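Quick one: structure below, then a few questions.
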Amino acid sequence: MLTTVPLPSSASSTCTLLSVPKQKNYKASFHSLSLKLSSLHNGNNTNSDNTDNVATTSIHNNPSRRLALFQLGAALPESHLLGGRASKLLRVDGNTSEASTSSKMASMSTALAEQNVLEWVSNDKRRMLHVVYRVGDLDKTIKFYTECLGMKLLRKRNIPEERYSNAFLGYGPEESNFTVELTYNYGIDKYNIGNGFGHFGIAVEDVVKTVNLVKAKGGRITRDSGPVKGGGSIIAYVQDPDGYTFELLERGPTPEPLCQVMLRVGDLERSVNFYKKAFGLQLLRKRDDPESKYSVAIMGYGPEDKNAVLELTYNYGITEYEKGDGYAQVFVDNVDFLRELE
């Protein structure tokens with residue numbers, strides 16, 4: 001059973017809804033949040049990105065924009081959002097709940113959301129859990145990631161009744177490290193990545209050595225190893241078999257080698273504010289490069305050298321991007337969720 005609660009949105013948004021599964025056994029709930037590219041213009045829904053039992057919040061920007069904002073999904077107790085006043089605000093009818101009085105509901109829920117939801121987001125403990133995207137050949141991609149990028153295959157599963165398989169890879173256990181979740185949908189061997197997704201970042205101790213290994217394995221190098229423009233850091237760009245780009249960053253030993261997800265946005269300030277309020281991400285640093293005509297904001301739940309971060313890139317004058325159907329979402333784990341329920 002779902003309850004639907006309006007959340008506050010910016011003046012240009014058309015709809016902001018949070019759907020929360022209402023159930024007695026909350027321990028059976030999925031306890032993550034998802035950051036997800038939302039298609040507002042395309043009705044196609046390519047199969048699974050592993051969001052079973054996860055309700056979603058759509059932050060709808062101008063429907064004509066091809067790169068939407070993101071979706072926030074959470075399976076949390078209703079009382080976590082609205083406290084004891086939930087029953088007074090919602091009217092349950094069958095499997096759905098509707099606001100009894102729209103005008104009163106809007107003002108009351110806005111105040112409650114500001115008081116309860118955003119306070120909870122900023123106070124709980126969380127981390128980036130895994131990033132989900134679709135590939136055309138699961139075994140080929142696993143081979144590239146393990147042999148060229150040094151990842152480990154953590155687990156793999158096949159769901160024939162839903163016609164998809166997925167695999168989790170990373171540099172450490174899922175319980176403590178950021179990982180990738182590769183999804184293969186039966187019979188689909190190619191995806192359009194679009195240009196809203198940018199790249200993943202991997203910290204390596206020797207970029208040149210890693211690039212040479214990728215070359216030896218027949219991988220594609222899109223930017224050879226060398227110092228970054230205007231700095232001394234050594235980087236390189238490589239592509240996996242499906243065309244997803246990985247930036248190799250030369251750094252010392254780190255507990256989180258899979259360190260970055262870069263996404264392009266049409267309004268940097270608005271995006272930064274959204275991630276702060278909706279997900280509790282901290283703005284770690286911001287950089288503007290007028291010469292190259294772009295700005296970057298780095299956001300995360302802790303220092304860059306120890307945590308995976310989200311890199312938001314704004315290219316001057318570009319407000320629209322193509323979503324594509326390859327990249328899906330980033331899941332954010334609430335570390336204290338199960339402990340709170342107990």
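As the structure is a prediction and not an experimental result, all values here were calculated from the model. We number each residue from 1, following the sequence as shown.
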Note to self: Checking Glu304 now: which residues fulfil side chain to side chain donor-acceptor pair (under 3.5 Å) with it, not counting sequence neighbours?
What the structure shows: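 Here the qualifying residues are Arg285.
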(Q) Checking Thr254 now: which residues fulfil side chain to side chain donor-acceptor pair (under 3.5 Å) with it, not counting sequence neighbours? (A)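 With sequence neighbours excluded, Thr254 shows a side chain to side chain donor-acceptor pair (under 3.5 Å) to no residue whatsoever.
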- Item | Exam field: side chain Tyr314 to backbone Gly317, donor-acceptor pair closer than 3.5 Å |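 Pair found, side chain donor or acceptor close to backbone of Gly317.
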| Is Arg155 positioned over the aromatic face of Phe168, cation under 6.0 angstrom from the ring centre and no more than 45 degrees off axis? |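 So Arg155 does make the cation-pi contact.
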Please list all pairs meeting side chain to side chain donor-acceptor pair (under 3.5 Å) that have one or both residues in residues 196-208, counting only residues at least two apart or in different chains.
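Counting only pairs at least two positions apart or across chains, the side chain to side chain donor-acceptor pair (under 3.5 Å) contacts touching residues 196-208 are His199-Glu247, His199-Gln260.
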For this session: Report the C-alpha distance between Tyr171 and Thr179 in whole Å, list the side-chain angles of each, state the deciding distance to 0.1 Å, and finish with yes or no for side-chain contact (heavy atoms from CB on, under 4.5 Å).
Result: CA-CA 7 Å; Tyr171 294 97; Thr179 61; over 6 Å; no
**Prompt:** Between Asp139 and Lys156, does at least one N-O distance fall below 4.0 Å, as a salt bridge requires?
**Reply:**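 Salt bridge flag = yes for Lys156 with Asp139.
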Looking at residues at least two apart in the chain, or sitting in another chain, which of them share a side chain to side chain donor-acceptor pair (under 3.5 Å) with Thr141?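 Counting only residues at least two positions away or on another chain, Thr141 forms a side chain to side chain donor-acceptor pair (under 3.5 Å) with Asp242.
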message = For a 4.5 angstrom cut-off between non-hydrogen side-chain atoms, does Tyr321 reach Asn315?
response =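 Contact flag for Tyr321/Asn315 side chains = yes.
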inquiry  = Testing Val261, Leu281, Ile298 one by one against Val309 for a side-chain contact (heavy atoms from CB on, under 4.5 Å), which residue passes?
reply    =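 With Val309 as partner, side-chain contact (heavy atoms from CB on, under 4.5 Å) holds for just one option, Ile298.
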Practice prompt. Among residues two or more places apart or on two chains, list those pairs meeting salt bridge (Lys or Arg N to Asp or Glu O under 4.0 Å) that have a residue in residues 207-220.
Written response: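 Those involving residues 207-220 are Glu147-Lys217, Lys215-Asp224.
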Worksheet item: Can Phe246 and Phe144 be said to form a ring-ring contact (aromatic ring centres under 6.0 Å, His included), step by step?
Response: CA-CA 12 Å; Phe246 286 79; Phe144 178 84; 7.3 Å; no
key: ring pair (Phe, Tyr, Trp, His ring centres under 6.0 Å) involving Tyr133 - partner list, sequence neighbours excluded   =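 With neighbours one apart ignored, the set is Phe200, Tyr244.
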- [ ] Taking the side chain as every heavy atom from C-beta outward, state whether Val265 and Thr313 have any atom pair closer than 4.5 Å.
- [x]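 Side chain of Val265 against side chain of Thr313, heavy atoms only: no contact under 4.5 Å found.
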